[in-house]
Amino acid sequence: MSEANSSRFHRLLVTGGAGFIGSCFVRDTLARRDGTTIIVLDKLTYAGNRANLAPAEADPEQAARLRFVVGDIADPAVVSPLTAEVDAVVNFAAESHVDRSILDPDAFLRTDVTGVHVLLEACRAEQERAAGGERAAPPRFLQVSTDEVYGSVETGQSREDDRLEPRSPYSAAKAGGELLARSYFVTYGLDVVVTRGSNTYGPYHHPEKLIPLFITNAIDDQHLPLYGDGLQRRDWLHVADHAGAIGRVLEHGTSGQIYNVAGGNERSNREVVAALLAQLGKPWSLVRQVEDRPGHDRRYAMDSSKLSALGWTNGVRFEDGLAATVDWYRENQDWWRAIKSGEWDAYYRRQYGERLAGSSEAP
Ligand code: NAD
Ligand code: DAU
């Protein structure tokens, strides 16, 4: 059954829509059945996975409103014609893993900075077409950014106008991307909004990240490599809540503004690991204390009252979301076992080989 489309933006270009959060946004938007059409542009890097869109592609009504284009956001020849077809661009595409940014920063600059620039230029060209009467309105551009741009926050909560102090190649590149986006609002009057989300978890999360890595390793009784003392703190946000917040900012955010998206679930890594092991019925003895991540941010925390004022509330309790996530990984082993093969072995050896060899049992 279709619902009335109350959205301001009926045709979306969703970049990085085959990744973890982008695919959730695409699935949830199409599942509204309100006529919204989506073009996904995704390079299908190691992190992109068409299977993440399988639920939408298996539904004929949703599949008819979804077009998938394999391509690079840093390629203007691909980006320009797609941007001409849509009312808004939602940019999830990024290299997203801090550890990989420490091993190989180059791709982070190309996608997270140059890629954003190419998307912005395409939107600016569409703005000019709108001014010339060739299209009804210029596109809105939503840049999906991260709490990591604030750097490590020892106490208190970051607010949107706090100083940016990114400390890893990943977070520095993300800061570059969102600053460019904001500069296009200030300089060219482009309709730009930015979200800064906190640590996200849930189904379809690539197993390189803490929660899915530790769940899948524990299912296989493999060691869990905990960095340093494991007392670093993150604020966990369920992927459906993150995607919902992005939808709300897209619809209701004020042009030129930035919105924090907090989870409201601050936990130490040790607490998270203990909770997921308890859920799986696996022992703490699987956890190994390994050499820390260089430049490891100790804590992230944000105030998201600005987003709350747009009517957004966080729906998933962390304990419920984690339990459901553990169940999802138990029930979808084909999905993650396919990812934990091929390129994965070389990455795992490079990232964890020496660390695990020199590790000790975590206290
Ligand atoms: P992800 O790594 O799971 O997905 C990224 C997607 O982008 C993949 O599908 C990949 O193929 C695609 N991609 C990469 N480079 C591309 C390029 N040059 N052109 C086109 N597509 C490309 O990432 P995620 O965890 O879903 O994160 C999505 C966005 O949200 C990112 O911008 C990230 O910085 C941001 N973010 C993530 C979190 C988190 O905890 N995961 C939190 C806050 C913000
Ligand atoms: O805060 C938002 C960010 O959250 C996003 O912008 C990033 O895209 C996303 O990857 C995530 O970054 P983190 O570095 O916080 O996530 P990660 O899952 O890699 O690590 C979470 C914490 O767990 C961090 O303190 C490092 C630690 N960790 C991680 C891994 C992969 C370990 O102790 N061992 C590990 O093997």
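The figures that follow rest on heavy atoms only: side chains count, while hydrogens, waters and symmetry mates do not. Start at 1 and go down the list; that is how both ligands and their atoms are numbered.
- Applying the 4.0 Å criterion to heavy atoms of Ser96 picks out, from ligand 2, the atoms 7 (C), 8 (O), 9 (C), 10 (O).
- Those atoms of ligand 2 with a heavy atom of Leu226 less than 4.0 angstrom away are 33 (O).
- Listed by chain and residue number, the protein contacts of ligand 1 are Gly16, Ala18, Gly19, Phe20, Ile21, Asp42, Lys43, Leu44, Thr45, Ala47, Gly48, Gly71, Asp72, Ile73, Phe92, Ala93, Ala94, Ser96, Thr111, Val144, Ser145, Thr146, Tyr170, Lys174, Gly197, Ser198, Asn199, Thr200, His242 (heavy atom within 4.0 angstrom).
- Scanning the protein heavy atoms around atom 21 (C) of ligand 2, the nearest turns out to be Leu210 CB, 3.8 Å.
- In Ile211, neither the side chain nor the backbone holds a heavy atom less than 4.0 Å from any atom of ligand 2.
- Shortest contact from atom 29 (C) of ligand 2 to any protein heavy atom: Tyr227 CE1, 3.6 Å.
- Tyr259 pairs in a side chain to side chain contact (heavy atoms under 4.5 Å, CB included) with only one of the listed residues (Leu142, Thr254, Val194), which is Thr254.
- Using cut-offs of 30° and 60° on the angle between ring planes, the pair Tyr204 and Trp328 is tilted.
- Close approach of ligand 2 to His97 (heavy-atom distance below 4.0 Å) involves ligand atoms 19 (O).
- Note on ring orientation: taking the six-membered ring where Trp is involved, the planes of His117 and Tyr184 are perpendicular (angle over 60°, cut-offs 30° and 60°).
- Ranking the protein heavy atoms by distance from atom 4 (O) of ligand 2 puts Asn199 ND2, 3.1 Å first.
- In terms of protein heavy-atom proximity, atom 34 (N) of ligand 2 is closest to Pro225 O, 2.8 Å.
- The protein heavy-atom contact nearest to atom 14 (O) of ligand 2 is Arg293 NH1, 2.6 Å.
- For the pair Asn314 (side chain) and Gly263 (backbone), a donor-acceptor distance under 3.5 Å is present.
- Clustering ILVMFWY residues whenever any of their side-chain heavy atoms sit less than 4.5 angstrom apart, transitively, puts Leu356 in the very cluster that holds Leu277.
- Applying the 4.0 Å criterion to heavy atoms of Leu213 picks out, from ligand 2, the atoms 36 (O).
- Taking every heavy atom of Val98 and a limit of under 4.0 angstrom, the matching atoms of ligand 2 come to 14 (O).
- Of the listed residues (Arg355, His205, His296), the one carrying the non-hydrogen atom nearest atom 26 (C) of ligand 2 is His296.
- Ile246 and Ile39 fall into different hydrophobic clusters, where Ile, Leu, Val, Met, Phe, Trp and Tyr side chains are chained together by heavy-atom contacts under 4.5 Å.
- Evaluation of the side chain to side chain donor-acceptor pair (under 3.5 Å) rule for Thr325 yields no partner, not counting sequence neighbours.
- Around atom CD of Glu319, more than 12 heavy atoms belonging to other residues, nucleotides or ligands sit under 6.0 Å away.
- Summarising the geometry, atom CD belonging to Gln222 is positioned 9.0 Å from atom CG belonging to Leu286; distances are rounded to the nearest 0.5 Å.
- In the displayed structure, Arg288 atom CZ is contacted under 6.0 Å by more than 12 heavy atoms of other residues, nucleotides or ligands.
- In terms of polar-atom proximity, Asp99 is not counted as a contact of ligand 2, lacking any N or O under 3.5 Å from an N or O of the ligand.
- In summary, the atoms of ligand 2 found under 4.0 Å from a heavy atom of Glu208, numbered by their order in the structure, are 31 (C).
- Residue, atom and distance of the protein heavy atom nearest to atom 2 (C) of ligand 2 are Asp147 OD1, 3.1 Å.
- Centroid-to-centroid, the aromatic rings of His206 and Tyr46 come within less than 6.0 Å.
- Residue Val290 is grouped with residue Leu276 when hydrophobic side chains (ILVMFWY) are merged at heavy-atom distances under 4.5 angstrom, including chains of intermediate members.
- We find the OG1-CG distance between Thr36 and Leu12 to be 6.0 Å, quoted to the nearest 0.5 Å.
- The shortest contact between atom 5 (C) of ligand 2 and any protein heavy atom is with Tyr170 OH, 3.5 Å.
- Counting heavy atoms under 4.0 Å from ligand 2, residue Lys209 touches it through both backbone and side chain.
- Considering backbone and side-chain N/O atoms, Arg234 comes within less than 3.5 Å of an N/O atom of ligand 2.
- The shortest contact between atom 27 (C) of ligand 2 and any protein heavy atom is with Asn269 ND2, 3.5 Å.
- Heavy-atom neighbours of Arg159 CZ from other residues, nucleotides or ligands within 6.0 Å: at or below the threshold of 12.
- Asp87 places a side-chain N or O within 3.5 Å of a backbone atom of His10 that can act as its donor or acceptor partner.
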